[in-house]
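For reference, the structure discussed in these notes is given below.
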Amino acid sequence: MKHSLLFLLLSLPLLLFSQQPKHTLSPAESKAQLERLGNVLREYDGLGRLYADELIPVWKRYVVKKPGRYEEFFYKYGLINLDCELLLPCEYSYISTQKNSDLIFVTKDTLMGFVDRNMNWVVPMIYRDIYSETEWIGDMFYCGKLVVEKNGEAGVIDTTGKLLLPCQYDYCDFLSDNLFCVYNEYNNTHGGINLQGDTVIPFDYTRISNIGGGENFILVRQNDKYGFVNSNGKVIVPCQYEDFNYCWNGKVSLEKDGKWGVLDTLGNVVLPFIYDNGLSFYLPELAVMMSPKGCGAINLKGDTVIPLQYNIWFSYQSKSKIAMITHDEAVDIYDSEGHILASYEEMSYDGMDALDEELWIPIRKNGKWGFLDLKLNEVVPCKYDFVAGVNGEYLGNVQLDNGNTALIDSNEHILAQGPYRYISPFGDFYCVSSYDNEYHIKEGFIDSYGNSTFTKAELDSLKIWHKQYLKQRKKEAEQAKREEKVQYDFAPSTGTTSDSTVFYYTEEMPEFPGGPDSLNRYLATHISYPEIAREKGVSGTVLAQFVVSKDGTVKDVTIKVPLYDACDEEVVRAISGMPKWKPGTNMGQPVNCYYQVPVTFRNDEPAEER
């Protein structure tokens, strides 16, 4: 009998970069393939499709997983084809494709390597895995090159596995296509070398980085002061600045003598050094400013065009619009001159990093949901009770009037629908996920002809859960209308924040005593699997949100994504009893900040044992 509690959501390692399904199979062919997929699902613990543009759908390769040595926390992954032939055994820690190549990235224990579509080892597993926990996991190669590490020393390879720079450096990172920062541990200095190993930036600096200004505007640090050089090592801006912000649209904000200003990549002053806070040019003519009162924006003349009253901002691919989000999650869309173009009650996303993959952003207006694209255009009008974006796709999930979840395109054409929680493209099929009536996560596949990998009994069970889910959502919506809307005070004009101001993001985020590992240990030792949930076989994730006060105390614990009442209550109880945290800070001052923690309950007890 096994019962386990996970504190991180363990899901199949997928990176989705496909187009929506192309119906290339006849009804008979589609049904036969779905039958084989059903066999795979029963043989392995879950199944996922590898995607890389339009290459992988032709390969018909599938990621599968089985429990590893410590099965309650880890899985081992393998690769099979549609005939269930094992191409890579289930012994790897991670498997994913690369966005701009036909290589498959695999890791095992602490090592990494690459295989091609024919399962030939292009890069053998001789290099240390330094990527599987990073944001570049699906796009690791830069201009066909990759920094690797072997025996504690770094070098560079290409997509054929050829060594371009031997593994002999204490540290190596890209400055440009053919320019690399390397570290000399003996002298504690950094320099820049080319692919021939020639030194082009002298080893005179304690830091060298490309912060977005291009290969001829490279950040360097000397004597704890920052400046800039070009790709030949020529000084563009002397090392005389105490701090910097990332370079956006050819402009960089720097601090000198306690005041901030802005330079362009030629070293010319764009805004004088008179500001108390750093600025970021997310729009070419508009600088976002963070202050104790909140964030807003000024133009190149220094005039405030967006008031300093917002919590966070977002301008990802748009060069002419910026979204400013208030403390109560409302969002205003501004143009570069400070005019409000649109306003919404809420913009839902999992942080700016997630927007690399989620191409549609859920937004709410008049109590209904729709989608913005990354240029901040409203591509799906706000008329749905529920929506969810699809990673790597210009598609979205919406809740129809009949209660079904549907996958739609930008013309609101329904591609697939049913009593599911989530639908996404999967080659010639659609992958669907939901819960059964015992709260077990269920995944399967459907086609456009009405076939699926679910049995009739499984479908009936999904419908029971879906009916209960819709009833719960209706109950929550009615309760939300009755509750008074929480208001968060903006900071007063004195430049200090009020005690009630709560930030979603801070310059330094709150931290549990001892860091993330200590947080996981606390959860592991303070949360018990509720007996009633265990008996009912409840599995899934609870997402809790709470406020870390400026004095470090935890308060206002709420459940953002519920699972089961007993599980939700257990999570609230454990978090409410946490010790004081290190509070989040803005401008070095402690502030109140939201924090979210996922807690996953998984019941592995076989049905006949319950």
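The first residue of the sequence shown is numbered 1, and numbering continues consecutively from there. For the numbers below, each heavy atom of this structure counts, side chains included, while hydrogens, waters and symmetry mates do not.
Cation-pi geometry between Lys259 and Phe273 is not met at under 6.0 angstrom from the ring centre and within 45 degrees of the axis.
With contacts defined as side-chain heavy-atom distances shorter than 4.5 Å, the pair Val387/Arg364 does not qualify.
At least one donor-acceptor pair under 3.5 Å links the side chain of Thr326 to the backbone N or O of Ala330. The backbone N or O of Val379 sits nowhere less than 3.5 Å from a side-chain atom of Asn377 that would complete a donor-acceptor pair. Between the Thr541 side chain and the Thr600 main chain, no donor and acceptor come within less than 3.5 Å of each other.
Within the 6.0 Å centre-distance limit, the rings of Trp360 and Phe371 are counted as a close aromatic pair. For Phe512 and Tyr522, the ring centers sit closer than 6.0 Å to each other. Not less than 6.0 angstrom separates the ring centroid of Trp369 from the ring centroid of Tyr344.
Taking all atoms of both residues into account, the shortest heavy-atom contact from Met324 to Gly296 is CE-CA, 3.9 Å. In plain terms, the two heavy atoms of Asn249 and Leu283 that are nearest each other are ND2-C, 3.6 Å.
Using bins of under 30°, 30° to 60° and over 60° for the plane-to-plane angle, the ring pair Phe228/Phe217 lands in the parallel bin.
By the salt bridge (Lys or Arg N to Asp or Glu O under 4.0 Å) test, Asp556 pairs with no residue at all, sequence neighbours left out. Under the ring-ring contact (aromatic ring centres under 6.0 Å, His included) criterion, Tyr246 pairs with Trp248, not counting sequence neighbours.
Separating the CG atom in Leu219 from the CD1 atom in Ile208 is a distance of 9.5 Å, to the nearest 0.5 Å. A distance of 10.0 Å separates CD1 of Ile423 from SG of Cys431, quoted to the nearest 0.5 Å.
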